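Chain naming here is simple, since letters A, B, ... match the order of the sequence lines and numbering starts at 1 in each. None of the values given here were measured: they were computed from a predicted structure.
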There are 2 protein chains.
Amino acid sequence: MAAVTAPKQDRSRATRQRLLEAAVSCLAEHGWAGSTVSAVAERAGVSRGAAQHHFPTREDLFTAAVEYVAEERSQALRALPSDDREAAVAALVDLYTGPLFRAALHLWVAATGEDQLRARVTELEARVGRESHRIAVEVLGADETRPGVRETVQGLLDMARGLGLATLLTDDRTRRERVVSQWARLVNEALR
Amino acid sequence: MAAVTAPKQDRSRATRQRLLEAAVSCLAEHGWAGSTVSAVAERAGVSRGAAQHHFPTREDLFTAAVEYVAEERSQALRALPSDDREAAVAALVDLYTGPLFRAALHLWVAATGEDQLRARVTELEARVGRESHRIAVEVLGADETRPGVRETVQGLLDMARGLGLATLLTDDRTRRERVVSQWARLVNEALR
DNA sequence: AAAACCATGCATGCGTGCTTGATTGTTCTA
DNA sequence: TAGAACAATCAAGCACGCATGCATGGTTTT
């Protein structure tokens, strides 16, 4: 068994942590097919057998990576600024262009074909999605009791997803900033 | 050479066509890793050697599939209705939830790691993107000379992409329809 | 000392690419 | 127009590379 007892001392947890971080950056840079266990092990600076010890199968490794990514994304969400609405929208969109979202996207798409992963990914993504919505409402100062407000915020998040997807291959920053600025105005008016 | 002379008679072009269609549906259903040449050949009803004849390498097959998907998407775009703005937005978003977009998305993400594909995909996606924008402006009856209008339409297309991405794992139709309805209203006001 | 932790080598499965052989279609010529 | 040479198209088998999984041996912690 891998964790019959919680890892008593930290060296083990350190390598486990490094393996997860390596898995995430590997996903973000080389995609699903390119993220072989040898690659993430090498990137983590450990042997392949060490990886095999912590995560007996490749699927174990990446299901753990899914939860790790979800946790990191939640954490990033809670660090959002809430002073200015324009800045809040920009920061929100930025969350969808970083390596975390890239990794999540690769997992998301890969989970389409892997039955085991799909359950985990859908479940966790639903959780992160709800949290994203909750925090978005908070930093935007939106009044969800008014009709249409909820859908407005959701649409904004969906647009952020779309921008993140577009950023995958070509990082067209200037275009993105213009779109975000305009949509921030639209949202601002709709929430007024 | 595969096409030193254009395929004189149709049996060949028929199987080539079937291979491309099979590649697209395979991508939409099983994703990139699951779309092996054996799988698409079997789905097309031909032998693996036949596929190998038309597309010597797997990469040849899927680069051809990329262009095929781009062409099909362009064709679908030109069939959009332009009578009612609400209906136009809904139809536009629907283009991002069908199997064509699913296939394009898998190609898009897979091209992140495959250097050869990335060029083709980015180039063609840029073309389709411009055409999408042009047609979106047309069916929405938007006046692009007014400031902010261009960015509003682009944001709408990005939102459609994001909705399509969200539809990959869970087809949350009712939520999508509510979001689309609300933003159709907002866009409608913004373009007035 | 025992158990967790890590490293190395081997075996299997799988997908791709290539080669060979058979069949269909096209074209040139008598 | 017949028919034979020739090219295009399709089918089947083989060899290689690669990633995963497992098993063994060494090292560190408790």
Side-chain angles (χ1 to χ4, degrees), chain A residues 1-23 26-27 29-65 106-107 110 113-117, chain B residues 1-23 26-27 29-65 106-107 110 113-117:
Chain A
M1 289 290 194
V4 51
T5 72
K8 296 298 171 59
Q9 233 23 333
D10 1 50
R11 190 187 64 162
S12 168
R13 286 200 317 195
T15 64
R16 188 187 160 94
Q17 178 83 0
R18 284 223 307 266
L19 277 171
L20 288 177
E21 290 173 355
C26 246
L27 275 175
E29 295 180 14
H30 308 307
W32 174 257
S35 292
T36 167
V37 300
S38 310
V40 323
E42 186 180 12
R43 190 184 192 94
V46 301
S47 122
R48 217 186 78 241
Q52 207 105 9
H53 172 74
H54 289 273
F55 308 98
T57 168
R58 173 189 153 102
E59 195 169 315
D60 293 327
L61 171 58
F62 282 102
T63 48
H106 282 287
L107 285 171
E114 310 274 325
D115 286 2
Q116 299 295 334
L117 273 186
Chain B
M1 289 288 195
V4 53
T5 71
K8 296 300 171 59
Q9 236 15 336
D10 0 50
R11 189 187 63 162
S12 167
R13 286 201 316 194
T15 62
R16 188 187 160 94
Q17 177 83 1
R18 284 223 307 266
L19 277 171
L20 288 178
E21 290 172 358
C26 246
L27 275 175
E29 295 179 16
H30 308 308
W32 173 257
S35 291
T36 167
V37 300
S38 310
V40 324
E42 186 182 11
R43 191 185 191 95
V46 303
S47 124
R48 207 172 63 90
Q52 205 104 7
H53 172 74
H54 288 274
F55 308 97
T57 169
R58 173 189 153 101
E59 195 170 315
D60 292 326
L61 171 59
F62 282 102
T63 49
H106 282 287
L107 284 172
E114 310 273 324
D115 286 2
Q116 300 294 334
L117 272 186

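OP1 or OP2 of C:dT16 sits under 4.0 Å from a side-chain N or O of B:Thr36. Dashed line: the shortest gap from a side-chain N or O of B:Thr57 to OP1 or OP2 of C:dT16 is not under 4.0 Å.
Side-chain atoms of A:Val37 lie closest to D:dT20 of the nucleotides D:dT20, C:dC6, C:dT16. Counting only heavy atoms from C-beta on, A:His53 has its side chain closest to C:dC5 among D:dC22, C:dG17, C:dC5. Taking every side-chain heavy atom of B:Ala50 into account, D:dC10 is the closest of D:dC10, D:dG21, C:dG15. When distances run from any side-chain atom of A:Val46 to the nucleotides D:dC10, C:dA7, D:dT20, the shortest one goes to C:dA7. Nearest to the side chain of B:Ser47, among C:dT8, C:dT16, D:dA12, sits D:dA12.
One atom, NE2 of A:His54, and another, P of C:dC5, lie 6 Å apart when rounded to the nearest Å. Whole-Å rounding puts the B:Arg48 CZ to C:dG17 P distance at 9 Å. Atom CG of B:Leu19 and atom C1' of D:dC10 are 11 Å apart (whole Å). The distance between atom CD of B:Glu42 and atom C1' of D:dC10, rounded to the nearest whole Å, is 17 Å.
Within the 4.5 Å cutoff, the side chain of A:Val40 has no heavy atoms near those of the A:Phe55 side chain.
Of the possible donor and acceptor atoms, none in the side chain of A:Arg48 sits under 3.5 Å from a partner among the backbone N and O of A:Ser38.
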